[in-house]
Amino acid sequence: MNNLSEEYLPQIRNGDEQARSALIVQYRPFILKVVKHVCKRRIGWSDDEASIGLIAFNEAVDRYRTEYGKTFNNFAFLMIRRRLIDDFRKKIKISQNEADWKDEEEMLYIADKVSSLDAFERQERAAALSEDLVSYDERLQEFGVCLRELEDIMPSHRDTRQMLVRIARNFCDNREWLNDLFQKKKLPLKAMTKEINVSKKTLERNRKYLISLILIFGCEDFTGIRESISFTSVEEETRCVEQL
């Protein structure tokens, strides 16, 4: 079915509404299957949840990009699930605020459903992050680094760690440097020392740790790792990277 999305999505982005309708028709069984899976009960097209799933799928069609590192089907699944969870949360919030709420069993059912979905969502995120970390470790090894040694090679001084985070982010803004790193498997030290006010010796001494940061910030394959870390300052970025 992913082949269908590859065929229709470019046409839809060019404004072809017939292609959108054709894709939705082909994906109707998929949409209903995802909604049933999330709601854990029988769902028909007359149910509100099916309508939410259809709207969410349409949103996925508009928002999907191959750069996200997911197949369209996975992206659509996540979008439908997220919108259903939002709806469950909205319902329980309304129920808690309504003075005339009388159906306690329904309220408890919704509360239990939200709790179950939250737990399921956390498990899925943890599983996806685990897979990303395995891929990250494999990619690190291409550069002579492995995940388990990051703690040992991490600079002891916080100022140095903060500096390396800033260098890594600036490095990722330079497409030529990134291509050079990925092709030659080594840092373009000569070019870097001309642009960055850091000695070649410092860069060489922290080469492994710097590469580990560059891969996180510069590779679309590790979007999941980046999204699992909440950044608000360079200092927080450093602390989060240390936890990997």
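Positions are given from 1 along the sequence. Because the structure is predicted, anything quoted here is derived from the model rather than measured.
- Under the 4.5 Å side-chain heavy-atom criterion for grouping Ile, Leu, Val, Met, Phe, Trp and Tyr, Ile43 is connected to Trp45 within one hydrophobic cluster.
- Here CD1 of Ile24 is found 4.5 Å from CG of Asn58. Values are rounded to the nearest 0.5 Å.
- Listed by chain and residue number, nothing satisfies the ring pair (Phe, Tyr, Trp, His ring centres under 6.0 Å) test with Phe143 (two or more places apart in sequence, or in another chain).
- With sequence neighbours excluded, no residue forms a salt bridge (Lys or Arg N to Asp or Glu O under 4.0 Å) with Lys33.
- Using a 4.5 Å cut-off on side-chain heavy atoms (C-beta onward), Phe171 and Leu181 make contact.
- Screening residues 179-188 for side-chain hydrogen bond (donor to acceptor under 3.5 Å, both in side chains) gives Glu142-Lys185, Asp180-Lys184 as the qualifying pairs, with residues at least two apart or on separate chains.
- The hydrophobic clustering, which links ILVMFWY residues whose side-chain heavy atoms are closer than 4.5 Å, places Val198 and Leu189 together.
- Within the structure, salt bridge (Lys or Arg N to Asp or Glu O under 4.0 Å) pairs that include any residue of residues 127-138 do not occur (at least two apart or interchain).
- Listed by first and then second residue, the salt bridge (Lys or Arg N to Asp or Glu O under 4.0 Å) pairs involving residues 193-217 are Glu149-Lys208 (not counting sequence neighbours).
- With sequence neighbours excluded, the residues satisfying side chain to side chain contact (heavy atoms under 4.5 Å, CB included) with Ala191 are Trp177, Pro188.
- For the side chain to side chain contact (heavy atoms under 4.5 Å, CB included) test, residues two or more places apart in sequence or in another chain that qualify with Arg148 are Cys146.
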Side-chain donor-acceptor contacts of residues 9-19 below 3.5 Å, not counting sequence neighbours, with atom names and distances?
unit_1, atom_1, unit_2, atom_2, d
Gln11, NE2, Glu7, O, 3.0
Arg13, NH2, Tyr64, O, 2.8
Asn14, ND2, Pro10, O, 3.2
Asp16, OD1, Gln18, N, 3.1
Asp16, OD1, Ala19, N, 3.1
Glu17, OE1, Arg20, NE, 3.2

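- Residues that satisfy the side chain to side chain contact (heavy atoms under 4.5 Å, CB included) test with Ile55, not counting sequence neighbours, are absent from this structure.
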Checklist entry - Run the ring-ring contact (aromatic ring centres under 6.0 Å, His included) check on Phe72 and Phe75 step by step: do they pass? => result CA-CA 5 Å; Phe72 173 74; Phe75 184 77; 7.3 Å; no

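- Ser199 is linked by a side-chain hydrogen bond (donor to acceptor under 3.5 Å, both in side chains) to Thr202, counting only residues two or more places apart in sequence or in another chain.
- Salt-bridge annotation for Glu49 and Lys36: absent, with no side-chain N of the basic residue lying under 4.0 Å from a carboxylate O of the acidic one.
- Annotation: salt bridge (Lys or Arg N to Asp or Glu O under 4.0 Å) contacts of Glu59 (sequence neighbours excluded): Arg63, Arg83.
- Scored by the side chain to side chain contact (heavy atoms under 4.5 Å, CB included) test, Ala168 finds Leu210, Leu213, Ile214, Phe217 as partners (sequence neighbours excluded).
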